[in-house]
K.L.:
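Pasting a structure below so you can have a look.
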Amino acid sequence: MKTIDEMLHLALLTPDQHQQISAWIAQADSPEEILKMPAALWQAVERASAVMGVDEDLVRPPSLDAGGVAFS
């Protein structure tokens, strides 16, 4: 939900889209149910995700320094 909220804050989703997407996620009992979200809402999320670079974040290798915390 934090990502959806950020999309709204950045004006990448309209308040109506945000409300509909949030309601859909809240009523979903499983990830499979979320995947049944109407196509227009998925397209809005996909466009906003592309602008935010969400896909690039998901495929980027993790940082080895983990924010300055060294591992041994």
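Numbering of residues begins at 1 and proceeds along the displayed sequence.
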K.L.:
From Ser22 OG over to Gln27 CD, what is the distance, rounded to the nearest 0.5 angstrom?
P.N.:
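Taking OG in Ser22 and CD in Gln27, the distance rounds to 12.0 Å.
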K.L.:
Considering non-hydrogen atoms only, spot the tightest contact between Leu12 and Ala48 and give its length.
P.N.:
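Looks like CB-CB, 3.7 Å.
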K.L.:
Got a second to check how far Glu33's CD is from Trp24's CH2, nearest 0.5 Å?
P.N.:
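Glu33 atom CD to Trp24 atom CH2 measures 7.5 Å (nearest 0.5 Å).
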K.L.:
Hey, could you give me the OG1/CD1 distance between Thr3 and Ile21, rounded to the nearest 0.5 Å?
P.N.:
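Nearest 0.5 Å value for the OG1-CD1 distance: 11.5 Å.
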K.L.:
Test of understanding: with side chain to side chain contact (heavy atoms under 4.5 Å, CB included), list the residues that count as partners of Leu8, not counting sequence neighbours.
P.N.:
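Side chain to side chain contact (heavy atoms under 4.5 Å, CB included) list for Leu8, sorted by chain: Pro15, His18.
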K.L.:
Roughly how far, to the nearest 0.5 Å, is CD1 of Ile4 from CD1 of Ile25?
P.N.:
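These two atoms lie 4.5 Å from each other.
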K.L.:
Are the side chain of Gln17 and the backbone N or O of Thr14 linked by a donor-acceptor pair below 3.5 Å?
P.N.:
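Here the side-chain-to-backbone pair exists.
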K.L.:
Atom CD1 of Ile34 and atom CH2 of Trp42: how far apart are they, to the nearest 0.5 Å?
P.N.:
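One finds 7.5 Å between CD1 of Ile34 and CH2 of Trp42.
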K.L.:
With a 6.0 Å cut-off (strictly less than), is the heavy-atom count around CG of Asp16, excluding the residue itself, greater than 12?
P.N.:
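Yes, CG of Asp16 has more than 12 neighbouring heavy atoms, counting only those of other groups under 6.0 Å.
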K.L.:
Can you confirm whether Arg47 sits close enough to Val51 that some side-chain heavy atom of one is under 4.5 Å from a side-chain heavy atom of the other?
P.N.:
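With C-beta onward as the side chain, the pair stays apart.
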K.L.:
State, with a plain yes or no, whether a side-chain heavy atom of Gln20 is found less than 4.5 Å away from one of Pro38.
P.N.:
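Counting from C-beta outward, Gln20 and Pro38 never come under 4.5 Å.
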